[in-house]
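Below: one structure, written as structure tokens.
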Amino acid sequence: MNKFSWYDAASIEEAQKEVNATVSQTIQPDSPENAAVFKASGIDLLDLMKEGLSGPAKVVGIRNIPGLDEISFDPEKGLRVGAMVTLSQISGDDRIKANYLALHQAASRAATPQIRNMATLGGNLAQRTHCWYFRSKELVCFRKGSSTCFAHVGENENHAIMSYGYCVSIHSSSLATALMAFDSIVEIKDKDGKIRLVPIKNFFVLPTVDRTRENILEPGELMTAVILPAPKRNTVSYYIKMGSRKSQDWPMAEVAVVAELSGNVCKSVNVALGAAAPVPLISKLANDSITGKTITEATAAEAGRAAMQIALPLSENGYKIPVFQTIIKRALLAVV
Ligand SMILES: Cc1cc2nc3c(=O)[nH]c(=O)nc-3n(C[C@H](O)[C@H](O)[C@H](O)COP(=O)(O)OP(=O)(O)OC[C@H]3O[C@@H](n4cnc5c(N)ncnc54)[C@H](O)[C@@H]3O)c2cc1C
């Protein structure tokens, strides 16, 4: 791990004045000299630094900035979750459990209790991919500036099955999967103090667009909160994570469903898939398949099959197709 200086910011403005780079930039061969980056709880950042992938000259702590760790809920206006709210806070909040069940479930199932006590929402959304080739200092993969995606021909059982280009990494944020299903908005403060409200579907960046990053954040831009719309009447949600073990690991496949119902008929739905692609995705094929239909074993299974029509599995991850089909079906059946 490199030597670095530490700055404990007391306000957003102070933190933004110090920060001049994103962590993603520090992983590139042309990493800026004297890079100063944000640190929330540091789980992902310190992993990257200890692994020798990122070596910022300065780390700017944002934990002590007041006001970023608050949750507010208004049944008319919706939910606002501060970027420094921890996953434990999200999973322990009764208002979230009652009105945004899939978000509660995603936060409750991520990582381990110890990690959830530290990990923040902002850091969770901005964590880098856990592709094992990307995470190895020795291997300069496509995302780190070479022309080789080792996963394409190597061990790719955890990797993408759809919407990939040459890089087949998957996005690692479980919270993002649930937040996509709720059509959330990411609130970002830029360096001039202006607030940008970005629909979460526009927050993530595919490697076919820019392989050096996974989100739109520019140096010094700070996520301040994520906003979820007010819960609509008769709208129900559900989230399912499948992993190789029950706890302590990222998902192999995950799904979040937010459905507006009339009895058992699906009036509208958002089926979001995580660990399927380099970014979290809404499955339009699944949405179109089930919308307007009564949710039954047969129609839910059909939506799962529809979602997987565009899957292009790699040499070792064909197993993900039946897993996704099953969890999409189960999540749809769970909302009725
Ligand atoms: C064993 C293990 C299992 C895990 N399992 C899961 C899982 O199942 N699902 C899942 O989703 N995650 C999982 N994680 C990942 C974990 O949840 C994230 O590493 C954690 O949420 C990161 O949050 P943090 O506050 O520590 O972020 P940090 O490490 O402090 O920051 C991460 C990145 O976000 C940037 N950043 C942080 N806050 C802001 C902000 N407000 N504005 C702009 N940029 C910001 C930082 O600069 C950095 O680039 C797991 C981690 C481990 C170690």
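Atoms considered below: every heavy atom in the structure, side chains included; atoms not considered: hydrogens, waters and symmetry mates.
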Are Arg135 and Asp47 packed together at the side-chain level, in the sense that at least one heavy-atom pair is separated by less than 4.5 angstrom? yes
| Check against side-chain contact (heavy atoms from CB on, under 4.5 Å), Val226 and Leu125 | CA-CA 10 Å; Val226 176; Leu125 295 181; 3.8 Å; yes
**Asked** When you look at Glu157 and Tyr319, which way does the side-chain hydrogen bond (donor to acceptor under 3.5 Å, both in side chains) test go after all the steps?
**Response** CA-CA 8 Å; Glu157 63 261 38; Tyr319 74 92; over 6 Å; no
query = Got a salt bridge between Arg80 and Asp93, using NZ or NE/NH1/NH2 to carboxylate O under 4.0 Å?
reply = no
Please check this pair: side chain of Ser108 against backbone of His104, looking for a donor-acceptor N/O pair closer than 3.5 Å.
yes
(request) Look at atom CZ of Arg233 and say whether more than 12 heavy atoms of other residues, nucleotides or ligands are closer to it than 6.0 Å. (result) no
Margin query: Are the side chains of His159 and Tyr164 in contact, using a 4.5 Å heavy-atom criterion?
Written below: no
**Prompt:** So, do Thr299 and Leu332 sit near enough that their side-chain heavy atoms are less than 4.5 Å apart?
**Reply:** no
Rounded to the nearest 0.5 angstrom, the CG-CG distance for Leu206 and Leu281 is 7.5 Å
When rounded to the nearest 0.5 Å, the distance separating OG1 of Thr235 from CG of Asn99 is 11.0 Å
Rounded to the nearest 0.5 angstrom, the NZ-CD distance for Lys329 and Glu297 is 4.5 Å
Are any of the side-chain nitrogens in Glu254 or Arg109 under 4.0 Å away from the carboxylate oxygens of its partner?
no
- Query: Hey, does Gln25 have a side-chain heavy atom less than 4.5 Å from the side chain of Pro32?
  - Reply: yes
- Trace of the side-chain contact (heavy atoms from CB on, under 4.5 Å) decision for Lys320 with Ile170: CA-CA 13 Å; Lys320 283 198 178 191; Ile170 47 172; 4.0 Å; yes
**Q.** Heavy-atom donor-acceptor pair, Gln28 side chain to Arg143 backbone, under 3.5 Å
**A.** yes
*asked:* Contact between Asn215 and Thr22 at the side-chain level, heavy atoms closer than 4.5 Å - yes or no?
replied: no
Is there a donor-acceptor pair closer than 3.5 Å between any side-chain N or O of Ser31 and the backbone N or O of Ile27? no
TODO: Please tell me if the side chains of Trp132 and Asn158 come closer than 4.5 Å, counting only heavy atoms from C-beta onward.
DONE: yes
- [ ] Just do the side-chain hydrogen bond (donor to acceptor under 3.5 Å, both in side chains) check on Thr294 and Asn264 with the steps written out, would you?
- [x] CA-CA 5 Å; Thr294 303; Asn264 283 0; over 6 Å; no
For Met308 and Met162 the tightest heavy-atom approach is CE-CE, 3.6 Å
Nearest heavy-atom approach of Val140 to Phe150 is O-CE1, 3.6 Å
Taking every heavy atom of Cys266 against every heavy atom of Leu261, the minimum-distance pair comes out as CA-CD2, 4.0 Å
Single-linkage hydrophobic cluster Val198~Met180, side-chain heavy atoms < 4.5 angstrom: yes
What one should report as the nearest heavy-atom pair of Ala331 and Val255 is CB-CG1, 4.0 Å
- Do any N or O atoms from the side chain of Ser172 and from the backbone of His130 form a donor-acceptor pair under 3.5 angstrom? yes
When rounded to the nearest 0.5 Å, the distance separating CG of Asn234 from OG of Ser262 is 7.0 Å
Check your understanding: Near Asp192 CG, under 6.0 Å, is it more than 12 heavy atoms from other residues, nucleotides or ligands?
Key -> yes
Review point. Can you tell me if NZ on Lys201 sees more than 12 non-hydrogen neighbours from other groups inside 6.0 Å?
Key: no
After noting the C-alpha distance and the side-chain angles of Arg330 and Tyr238, does the key distance pass the side-chain contact (heavy atoms from CB on, under 4.5 Å) rule? CA-CA 9 Å; Arg330 285 189 193 159; Tyr238 207 78; over 6 Å; no
inquiry  = Just checking Lys17: does its NZ atom have more than 12 heavy atoms from other residues, nucleotides or ligands closer to it than 6.0 angstrom?
reply    = no
Joint hydrophobic cluster, Val279 plus Leu175, side-chain heavy atoms closer than 4.5 Å
yes
Next on the checklist: Check for me, please, whether Val236 and Leu79 land in the same ILVMFWY cluster - side-chain distances under 4.5 Å, paths through other members count.
Outcome noted: yes
field: Common cluster, Phe203/Phe182, ILVMFWY with side-chain heavy-atom separation under 4.5 Å
entry: yes
Item checked: Check: Asn317 and Met252 side chains under 4.5 Å, non-hydrogen atoms -> no
| request: For the residue pair Thr112 and Gln248, confirm or rule out a side-chain donor-acceptor distance under 3.5 Å. | output: no
- Any side-chain heavy-atom pair from Leu217 and Ile188 closer than 4.5 angstrom? yes
| query | Stepwise, does the side-chain contact (heavy atoms from CB on, under 4.5 Å) test hold for Val335 with Val269? | reply | CA-CA 11 Å; Val335 298; Val269 68; over 6 Å; no
Is a side-chain N or O of Lys144 found less than 3.5 angstrom from the main chain of Lys137, in a donor-acceptor match?
no
NZ (Lys58) and CD (Glu18) are apart, to the nearest 0.5 Å, by 3.5 Å
Checklist entry - In terms of side-chain geometry, is the basic nitrogen of Lys293 or Glu302 positioned less than 4.0 Å from the acidic oxygen of its partner? => result no
Separation between CG (Asp210) and CD1 (Ile216), nearest 0.5 Å, reads 12.0 Å
- Message: Between Thr86 and Gln89 (side chain of the first, backbone of the second, donor and acceptor by atom type, cut-off under 3.5 Å), is there such a pair?
- Response: yes
#### Entry: CZ (Phe142) with more than 12 external heavy atoms under 6.0 Å
yes
Per side chain to side chain contact (heavy atoms under 4.5 Å, CB included), Cys131 is matched among Ser169, Cys149, Pro278 by Ser169
Item to complete: Ignoring hydrogens and angles, tell me if any N or O in the side chain of Lys191 forms a donor-acceptor pair with the backbone of Glu218 under 3.5 Å.
Response: no
I'd like to know if the side chain of Glu187 reaches the main chain of Ile227, judged simply by a donor and an acceptor atom lying under 3.5 Å from each other, with no hydrogens or angles considered.
no
Closest non-hydrogen contact found for Ala178 with Leu103 is CB-CA, 3.9 Å
Quiz item: Has the side chain of Tyr100 got a donor or acceptor atom that lies under 3.5 Å from a matching backbone atom of Ser237?
Solution: no
May I ask you to decide if Tyr166's main-chain N or O and His152's side chain share a donor-acceptor pair within less than 3.5 Å?
-> yes
Heavy-atom closest pair (Arg128 atom, Ser24 atom, distance to 0.1 Å) is NH1-OG, 3.1 Å
- prompt: In terms of hydrophobic clustering (I, L, V, M, F, W, Y; side-chain heavy atoms under 4.5 Å; direct or indirect links), are Trp250 and Leu179 co-clustered?
  reply: no
